Amino acid sequence: MPSSLISRQMLTFAVIGVVNTATYYGPYLLFLTAFPYLVAHVLATLLSMTGSFFLNARFTYRTRPTLRKFLLFPLTNAANFVVTTVGAYVLVDLLHLDRRYAPLLASLAAIPVTFVVSRRIMLPKVEPAEIA
């Protein structure tokens, strides 16, 4: 795969990540008024994950969003979810950072992991037997 394609995908993924962060953060702040921060985090993550799937399918990987990919896509966010959740916990409960900003900082560590995993789901390798 040409490095220019990978570079374009990484850039597009990053831009969508900014949009996705806003899609996450707005609802997170709204949910924070009614729920503990971890519940608000889970609900906001579910909303942003759905938007992320469709944006990345269309713009990053230029692939058709299938039911199979949609059902597998949450697996790509499992690492993101674990990293951001553990990160939020560490930042809020151990380091006493403001709960409104902790998930944003924690999400920075998850970006590279999420790109690699999502690319594998959205662009599965073609098996040699399928080519023949």
Side-chain angles (χ1 to χ4, degrees):
M1 183 144 310
S3 63
S4 62
L5 176 61
I6 299 291
S7 295
R8 182 199 60 78
Q9 288 176 344
M10 291 172 95
L11 178 61
T12 305
F13 185 82
V15 169
I16 289 173
V18 170
V19 171
N20 192 48
T21 299
T23 303
Y24 162 84
Y25 196 55
Y28 173 75
L29 291 176
L30 180 66
F31 293 142
L32 201 54
T33 64
F35 301 106
Y37 77 92
L38 287 177
V39 173
H41 169 66
V42 170
L43 294 173
T45 297
L46 292 173
L47 285 174
S48 67
M49 191 183 326
T50 301
S52 179
F53 169 76
F54 287 106
L55 289 173
N56 278 300
R58 172 70 174 99
F59 298 107
T60 302
Y61 305 113
R62 297 181 182 180
T63 187
R64 189 170 53 92
T66 65
L67 180 60
R68 180 181 186 279
K69 290 175 188 175
F70 183 75
L71 294 175
L72 289 174
F73 196 75
L75 297 175
T76 70
N77 287 288
N80 183 306
F81 180 77
V82 169
V83 171
T84 58
T85 301
V86 170
Y89 170 77
V90 168
L91 292 168
V92 172
D93 288 342
L94 301 181
L95 300 177
H96 308 291
L97 190 72
D98 190 313
R99 64 187 182 148
R100 292 172 292 174
Y101 308 113
L104 293 176
L105 292 175
S107 68
L108 293 175
I111 293 169
V113 174
T114 304
F115 174 75
V116 169
V117 177
S118 69
R119 193 168 191 284
R120 284 188 169 271
I121 293 294
M122 300 300 269
L123 298 174
K125 292 181 180 176
V126 177
E127 296 295 323
E130 294 178 30
I131 296 173

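Numbering of residues begins at 1 and proceeds along the displayed sequence. What you are looking at is a predicted structure, and each value in this text was computed from that prediction instead of being measured.
- Hydrophobic clustering (ILVMFWY, side-chain heavy atoms < 4.5 Å, transitive): Tyr37 and Phe31 are in distinct clusters.
- Applying the ring pair (Phe, Tyr, Trp, His ring centres under 6.0 Å) test to residues at least two apart or on different chains, the pairs with a partner in residues 98-124 are Phe13-Phe115.
- Evaluation of the side chain to side chain contact (heavy atoms under 4.5 Å, CB included) rule for Leu30 yields no partner, not counting sequence neighbours.
- Each of Met10 and Val18 belongs to its own hydrophobic cluster when Ile, Leu, Val, Met, Phe, Trp and Tyr are linked at side-chain heavy-atom distances under 4.5 angstrom.
- Applying the side-chain hydrogen bond (donor to acceptor under 3.5 Å, both in side chains) rule to pairs touching residues 45-57 yields Ser52-Asn56, Asn56-Thr60, sequence neighbours excluded.
- In terms of the side chain to side chain donor-acceptor pair (under 3.5 Å) criterion, Arg8 has no residue partners (sequence neighbours excluded).
- Pairing each heavy atom of Leu55 with each of Ile16, the nearest pair is O-CD1, 3.4 Å.
- Shown here are the side chain to side chain contact (heavy atoms under 4.5 Å, CB included) partners of Leu94, two or more places apart in sequence or in another chain: Tyr89, Val90.
- Residue pairs meeting the ring pair (Phe, Tyr, Trp, His ring centres under 6.0 Å) criterion with at least one member in residues 43-71, sequence neighbours excluded: Phe53-Phe70, Phe53-Phe73, Phe54-Phe70.
- Taking both residues in full, the closest heavy atoms of Pro65 and Ala57 are given as CB-CB, 4.0 Å, listed atom of the first, atom of the second, then distance.
- In this structure, the side chains of Val42 and Leu38 stay at 4.5 Å or more apart for every pair of heavy atoms.
- Closest approach of Val92 and Ala102 over heavy atoms only: CG2-CB, 3.5 Å.
- Leu32 and Val39 are not part of a single hydrophobic cluster, where members link through side-chain heavy atoms under 4.5 Å apart.
- Annotation: salt bridge (Lys or Arg N to Asp or Glu O under 4.0 Å) contacts involving residues 91-108, sequence neighbours excluded, comprise Asp98-Arg100.
- Enclosure of atom CE in Met49 by more than 12 non-hydrogen atoms of other residues, nucleotides or ligands within 6.0 angstrom is indicated.
- When the side chain to side chain contact (heavy atoms under 4.5 Å, CB included) test is applied to Leu75, the partners found at least two apart in sequence or on another chain are Leu72.
- Among pairs with a residue in residues 18-33, those fulfilling side-chain hydrogen bond (donor to acceptor under 3.5 Å, both in side chains) read Tyr24-His41, at least two apart in sequence or across chains.
- Applying the side-chain hydrogen bond (donor to acceptor under 3.5 Å, both in side chains) definition to pairs two or more places apart or across chains, those involving residues 64-75 are Thr63-Lys69.
- Under the rule for a side chain to side chain contact (heavy atoms under 4.5 Å, CB included), the partners of Ala110 that lie at least two apart in sequence or sit in another chain are Asn80, Val83, Thr84, Thr114.
- Two different hydrophobic clusters hold Leu5 and Leu11 under the rule that ILVMFWY side chains link at heavy-atom gaps under 4.5 Å.
- How far CZ of Arg62 is from CG of Leu123: 11.5 Å, rounded to the nearest 0.5 Å.
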